Protein chains: 2
Amino acid sequence: MERADAARNRSAILAAASRLFAAHGVDAVSMDAIAAAAGVGKGTPFRRFGDKAGLAVALLDERERELQGRILSGEAPLGPGTDAAPPGPGTDTAARLRAFSEAYLDYALGHLDLLRMSETSSPGARYRIGSYRFWHRHTAILLGELGWVDPDAGAHALLAPLAAEHLGAVASELGTERLRRAAADHLDRLLGSGT
Amino acid sequence: MERADAARNRSAILAAASRLFAAHGVDAVSMDAIAAAAGVGKGTPFRRFGDKAGLAVALLDERERELQGRILSGEAPLGPGTDAAPPGPGTDTAARLRAFSEAYLDYALGHLDLLRMSETSSPGARYRIGSYRFWHRHTAILLGELGWVDPDAGAHALLAPLAAEHLGAVASELGTERLRRAAADHLDRLLGSGT
DNA sequence: TTCATAAACGGACTGCGGTCCGTTATGTTT
DNA sequence: AAACATAACGGACCGCAGTCCGTTTATGAA
């Protein structure tokens with residue numbers, strides 16, 4: 001179990017990081033500054049969170065879990081719904097994918113800079129963090145239900161345009177409204193719009 | 001025009017970088033090391049290429065231009081072919097997109113680490129470099145010919161799974177063969193496989 | 001209460017990307 | 001050929017992410 005001082009420092013660091021990120025932007029805040037603001041030594045944030053990306057992940061954790069909860073056990077179309085039947089061709093799998101894409105977009109666009117920090121700090125970071133594995137697994141399962149040949153690979157391809165890096169660039173070039181419409185169109189084309 | 005010493009240093013730096021990258025991998029080679037190996041001061045590579053990503057772009061330039069040439073004026077299906085007719089619904093636009101995807105995959109998988117360096121150094125780097133604008137423009141034009149509602153946004157979405165970061169992660173998880181098949185499948189779904 | 005142990009701490013340290021500015025080379029003009 | 005203007009140079013310098021290790025502190029056992 002976690003020692004008392006460790007727990008105290010963890011929350012102090014998270015609070016300081018949250019405050020400084022909101023005030024100056026994620027990129028403009030150094031780990032030194034966070035440690036100083038939290039009243040801890042420079043090494044502590046690294047021991048606690050690994051690196052700056054890990055800190056971002058920890059800050060995103062709460063919102064993330066909420067979305068994951070809605071997916072796992074929330075209402076349709078995002079979640080499985082109250083339907084007692086086991087998941088299968090009966091439920092509208094395509095609708096669940098569409099709902100996921102929209103919900104994820106909402107989540108991501110609301111925390112773009114934090115998400116980008118969590119995904120782009122080290123090479124391949126995005127694909128290693130737990131949350132990506134979750135989104136990937138969820139997507140792959142649904143694609144499997146739809147009969148895709150290689151759901152794992154398909155899920156990666158489906159998630160690629162949802163990367164923070166991509167969203168940030170496209171949103172700033174085309175605006176979020178066009179981005180949302182394009183994401184919906186894209187999914188319709190992949191899943192078959194009418195089906 | 002470029003001064004003689006500048007030209008000399010530029011090629012010395014490119015040669016040194018190419019050699020060191022091949023020997024130790026892109027990430028393991030510092031700019032200091034490149035400058036030292038090229039026999040120039042530490043500031044020179046930065047003045048010449050801006051940053052490490054710019055150096056990577058310069059090294060990719062030749063291969064890149066070759067592919068761009070084949071697209072602009074090469075044979076079908078990648079290029080417009082010898083067809084004297086103006087581009088339009090007559091030529092097989094979907095086939096050109098498929099050919100582009102395959103050719104780009106070959107190019108990218110052959111230089112993954114260099115490409116990743118060029119795309120992920122600074123936030124949004126990928127979307128600013130000239131070559132991305134080229135691939136995007138080409139793709140958008142073809143999507144326009146196919147009657148897509150928002151070809152610009154569609155092109156971004158189509159290129160997202162071709163990002164170096166994405167290719168690297170998926171290739172190391174699923175292998176290049178599965179990756180290639182998945183990319184082809186993905187495009188088939190987006191364009192309509194039979195059409 | 002004391003003690004032992006292991007966890008946590010903190011700040012000095014390293015290496016890197018990138019900048020700055022006084023110095024030097026280049027090529028042009030007279 | 002000499003002087004001039006300016007482009008290019010080079011290395012000291014900065015800030016940051018991340019590491020290391022001697023020191024401190026929490027905690028459970030004696």
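Heavy atoms only: backbone and side chains are in, while hydrogens, waters and symmetry mates are out. All chains are named by letter (A, B, ...) in the order of the sequence lines, taking the proteins before the strands, and each is independently numbered beginning at 1. Every value quoted in this text rests on a predicted model; they were computed, and no experiment measured them.
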If you take all heavy atoms of Ile71(A) and His138(A), which pair is closest and at what distance?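 So the two residues come closest at CG2-CE1, 3.3 Å.
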How close do Pro45(A) and Val40(A) get, counting heavy atoms only, and between which atoms?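 In terms of heavy atoms, the two residues are closest at CD-CG2, 4.1 Å.
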Specify the separation, in whole Å, of atom [atom1] of [X] and atom [atom2] of [N].
{"X": "Ile13(A)", "N": "dA17(D)", "atom1": "CD1", "atom2": "P", "result": "14 Å"}
{"X": "His24(A)", "N": "dC16(D)", "atom1": "NE2", "atom2": "P", "result": "13 Å"}
{"X": "Met1(B)", "N": "dT6(D)", "atom1": "CE", "atom2": "C1'", "result": "14 Å"}
{"X": "Asp32(B)", "N": "dG11(D)", "atom1": "CG", "atom2": "P", "result": "11 Å"}
{"X": "Glu2(A)", "N": "dT25(D)", "atom1": "CD", "atom2": "P", "result": "19 Å"}
{"X": "Ile34(A)", "N": "dG15(D)", "atom1": "CD1", "atom2": "C1'", "result": "15 Å"}

Is the CD atom of Glu102(B) crowded by more than 12 outside heavy atoms at less than 6.0 Å?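 No, the 6.0 Å shell around CD holds no more than 12 heavy atoms from other groups.
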Heavy atoms from other residues, nucleotides or ligands near CZ of Arg128(A) exceed 12 (cutoff 6.0 Å):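 Yes, CZ of Arg128(A) has more than 12 neighbouring heavy atoms, counting only those of other groups under 6.0 Å.
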Side chain of Ala4(A) only, heavy atoms from C-beta on: which candidate in dA12(D), dG18(D), dT27(D) is closest?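 Within the option list, the nearest is dT27(D).
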NA contact type, Lys42(A), heavy-atom cut-off 4.0 Å: base, sugar-phosphate, or nothing?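 Base, at least one base atom sits under 4.0 Å.
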Answer with base, sugar-phosphate or nothing: what part of the nucleic acid does Arg10(A) contact at a heavy-atom distance below 4.0 Å?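 No contact at all - Arg10(A) keeps every heavy atom at 4.0 Å or more from the nucleic acid.
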Can Asp185(B) and Arg181(B) be said to form a salt bridge (Lys or Arg N to Asp or Glu O under 4.0 Å), step by step? CA-CA 6 Å; Asp185(B) 276 12; Arg181(B) 257 200 305 275; over 6 Å; no
More 5' along DNA chain C: Gly43(A) or Lys52(B), using each one's nearest nucleotide?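 It is Gly43(A) whose nearest nucleotide is closer to the 5' end.
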For Arg47(A) and Asp51(B), find the nucleotide of DNA chain C closest to each by heavy atoms; which residue's nucleotide sits nearer the 5' end?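 The answer here is Arg47(A).
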Going by an N to O cut-off under 4.0 Å, is there a salt bridge joining Asp106(B) and Arg180(B)?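 Yes, Asp106(B) and Arg180(B) are salt-bridged.
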Can we say Glu66(A) and Arg70(A) salt-bridge, meaning some charged N sits less than 4.0 Å from an Asp/Glu carboxylate O?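 Arg70(A) and Glu66(A): salt-bridged.
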Using a 4.0 Å cut-off to any heavy atom of chain B, which nucleotides of DNA chain C are the first and last in contact, reading 5' to 3'?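 Extent of the interface on DNA chain C: dC16(C) to dG27(C).
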